[in-house]
Q: 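Before we start, here is the structure in question, set down as C-alpha cells.
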Amino acid sequence: MPELPEVETMVRGIRSAVEGKRIVEFRRAPCRCRTISLKPGLATIRRRCEGQTVVGVRRRAKKIILELASGEAFVIEPRMTGLMLVANPPDTAHLRFEWRLAERNKTRSLWFWDQRGLGTVRLLDAGQLADVLGDGRLGPDALAISGQEWQSRLKATARPVKVALLDQKLVAGIGNLYASEILHLAQINPRRRANRLTAAEIARMARAVVAVLEEAIRCEGSTLSDGTYRNALNEEGGYQNAHRVYDRANQACPTCGHPEIRRIVQAQRSTFFCPACQK
DNA sequence: CATATGTCCTGAGAGC
DNA sequence: TGCTCTCAGGACATAT
C-alpha cells in the first residue's frame with residue numbers, strides 16, 4: 001500500500017531514467033483487467049504530452065508528479081497496488097500504462113503497473129495542479145510539518161489520533177501501516193482523542209513521524225506478505241522487517257515484551273498497537 | 001461545519 | 001476439489 005515512503009522510493013527510483021527525457025509516446029499497456037479511466041481521455045493526453053520533455057519528477061503527499069516543459073504535469077496516484085517501474089514488471093497482466101521516452105538513438109519505457117486498478121493517472125494543466133496539490137486539498141507534508149502546526153491541527157479535531165493521522169487534509173502522506181507504527185514508537189494509544197493529547201505527547205509523536213518515515217525511506221518501503229509493493233527496479237522493500245506492530249496481532253510486543261499486540265478497527269481500517277506500552 | 005460511512009478493484013485465504 | 005464469501009485500504013462521494 002504505497003504511502004509516503006513507498007511513493008518517495010518510486011520517485012527516486014525513476015528520476016534518473018525520466019528527467020530531461022522527451023516523451024515519444026504514451027499508451028495503454030495490454031492488460032487483461034478492466035481498464036483504468038484516464039483524465040482527460042487518451043487521445044487528448046497523447047496530443048498534449050507527446051513530444052514534450054519531462055523537466056522534473058517529484059512527490060506531493062502520496063502522489064507522483066511528472067512535470068512537463070509546458071507547465072502541465074502527470075499526476076499519478078498508486079493508491080493500493082500501483083507501481084512506477086523502469087524495469088520488468090512483476091507480471092504483464094496488470095501493466096496499465098507506458099510512457100516511451102527518448103534515450104539517445106533508442107527508447108526506454110516507464111510503466112504504471114497496478115494489480116487492483118484503483119490507481120489513477122491524470123494529465124493536468126497549471127490551474128488544475130494548483131487545485132489538486134494545493135493547501136485546500138492537502139495538509140502539509142508529513143516530513144515538512146512544524147511542531148506548531150502539529151499542535152494546532154490536532155487540537156482542532158476530536159477524532160481518535162490514529163484516524164486523524166490518516167486525514168490527508170490534516171497532514172499529507174501517512175497511511176494505515178505507518179500510522180500504527182508511528183503511534184507505537186511515540187507510545188500513544190491510537191484511541192486517544194487528538195485534541196486531548198498533551199503538548200509533550202504531540203512533540204513525541206512529531207518526532208516519531210519523522211523517525212519512522214525516514215527509516216522506511218532508507219529501507220525503500222514495506223513489501224507486505226502479498227508482495228505487491230516493489231521499487232522502480234521491481235525489488236522488494238525492507239522496512240517490513242522493522243515493523244513492530246503492523247499485522248502482528250497476538251504476537252509479543254518487541255518493545256516491551258507484552259504477550260499480545262492487539263488489532264482493533266477504527267474508521268473501517270485495522271489498527272495495531274500494544275496495550276501495555278501505548279497508554 | 002465536523003464526522004461517519006459507502007464505493008471502487010483484484011487476489012488470497014477461509015470455510016464448507 | 002471447487003465453490004462462495006470476506007477482507008485488505010488508498011481517495012473521494014455521499015450521508016448524518
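Keep in mind it's a predicted model, so treat the numbers as computed, not measured.
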Q: Considering every strand and a 4.0 Å limit on heavy-atom distances, what is the contact class for Arg263(A): base, sugar-phosphate, or nothing?
A: sugar-phosphate
Q: Where each residue is assigned the nucleotide of DNA chain B containing its nearest heavy atom, which of Arg116(A) and Arg269(A) is assigned the position nearer the 5′ end?
A: Arg269(A)
Q: Hydrophobic cluster membership, with links at side-chain heavy-atom distances under 4.5 Å among I/L/V/M/F/W/Y: are Leu166(A) and Leu170(A) in one?
A: no
Q: Of the listed nucleotides (dG10(C), dT3(B), dG11(B)), which one gets closest to any side-chain atom of Arg159(A)?
A: dT3(B)
Q: Whole angstroms only, please: what is the CG-P distance between Leu224(A) and dG13(B)?
A: 13 Å
Q: Run the numbers on Glu3(A) and Lys62(A) for salt bridge (Lys or Arg N to Asp or Glu O under 4.0 Å), then give the verdict.
A: CA-CA 6 Å; Glu3(A) 303 182 27; Lys62(A) 305 173 195 172; 5.5 Å; no
Q: Hydrogens and angles aside, do Asn231(A) and Thr9(A) bring a side-chain donor and acceptor to less than 3.5 Å of each other?
A: no
Q: Between atom CD1 in Ile36(A) and atom P in dA11(C), what is the gap in whole Å?
A: 15 Å
Q: Measure the angle between the two terminal helix axes of the helix from dA2(B)-dT16(C) to dC16(B)-dG2(C), five base pairs each, and quote it to 10°.
A: 50°
Q: Counting side-chain heavy atoms from CB outward, which of dA11(C), dC9(B), dG11(B) is closest to Arg32(A)?
A: dG11(B)
Q: What about Phe112(A) and Trp99(A), are their ring centers closer than 6.0 Å?
A: no
Q: Using a 4.0 Å heavy-atom cut-off across all strands, classify Met80(A) as base, sugar-phosphate, or nothing.
A: base
Q: Can you tell me which nucleotide in dA11(C), dG10(C), dT10(B) comes closest to the side chain of Leu166(A)?
A: dG10(C)
Q: Is the shortest side-chain N/O distance from His94(A) to OP1 or OP2 of dG11(B) below 4.0 Å?
A: yes
Q: What is the distance from atom CZ of Arg263(A) to atom OH of Tyr246(A), rounded to the nearest 0.5 Å?
A: 9.0 Å
Q: Could you tell me whether the phosphate oxygens of dT5(B), OP1 or OP2, come under 4.0 Å of any side-chain nitrogen or oxygen in Gln268(A)?
A: yes
Q: At 4.0 Å (heavy atoms only), tell me whether Ala158(A) reaches a base, stays on the sugar-phosphate, or touches nothing.
A: sugar-phosphate
Q: Run the side-chain hydrogen bond (donor to acceptor under 3.5 Å, both in side chains) test on Tyr178(A) and Glu6(A) for me, step by step, so that the C-alpha distance in whole Å, both residues' side-chain angles and the decisive distance to 0.1 Å come before the verdict.
A: CA-CA 11 Å; Tyr178(A) 292 103; Glu6(A) 288 77 21; 2.7 Å; yes
Q: Base, sugar-phosphate, or nothing: which does Tyr246(A) touch, judged by heavy atoms less than 4.0 Å apart?
A: sugar-phosphate
Q: Using OP1 and OP2 only, check whether a side-chain N or O of Thr157(A) sits under 4.0 Å from dT3(B).
A: yes
Q: Distance alone, cut at 3.5 Å: any donor-acceptor contact between the side chains of Ser70(A) and Gln52(A)?
A: yes
Q: How is Gly175(A) classified with respect to the nucleic acid when contacts are heavy atoms under 4.0 Å: base, sugar-phosphate, or nothing?
A: sugar-phosphate
Q: Grab the CD-C1' distance between Glu3(A) and dA11(C) for me, whole Å please.
A: 13 Å
Q: Quick one: on DNA chain B, does Pro160(A) or Asp226(A) contact a more 5' nucleotide (nearest heavy atom)?
A: Pro160(A)
Q: Please pick, from dA11(C), dT10(B), dT3(B), the nucleotide with the shortest atom-to-atom distance to any side-chain atom of Gln168(A).
A: dA11(C)
Q: Remember a base hit wins even if backbone is also touched, and classify Ser270(A) as base, sugar-phosphate or nothing at under 4.0 Å, heavy atoms.
A: sugar-phosphate
Q: Among dT5(B), dG10(C), dT10(B), which nucleotide sits nearest the side chain of Cys33(A)?
A: dT10(B)
Q: Should Val57(A) and Leu4(A) be counted in the same cluster of Ile, Leu, Val, Met, Phe, Trp and Tyr side chains packed under 4.5 Å apart?
A: no
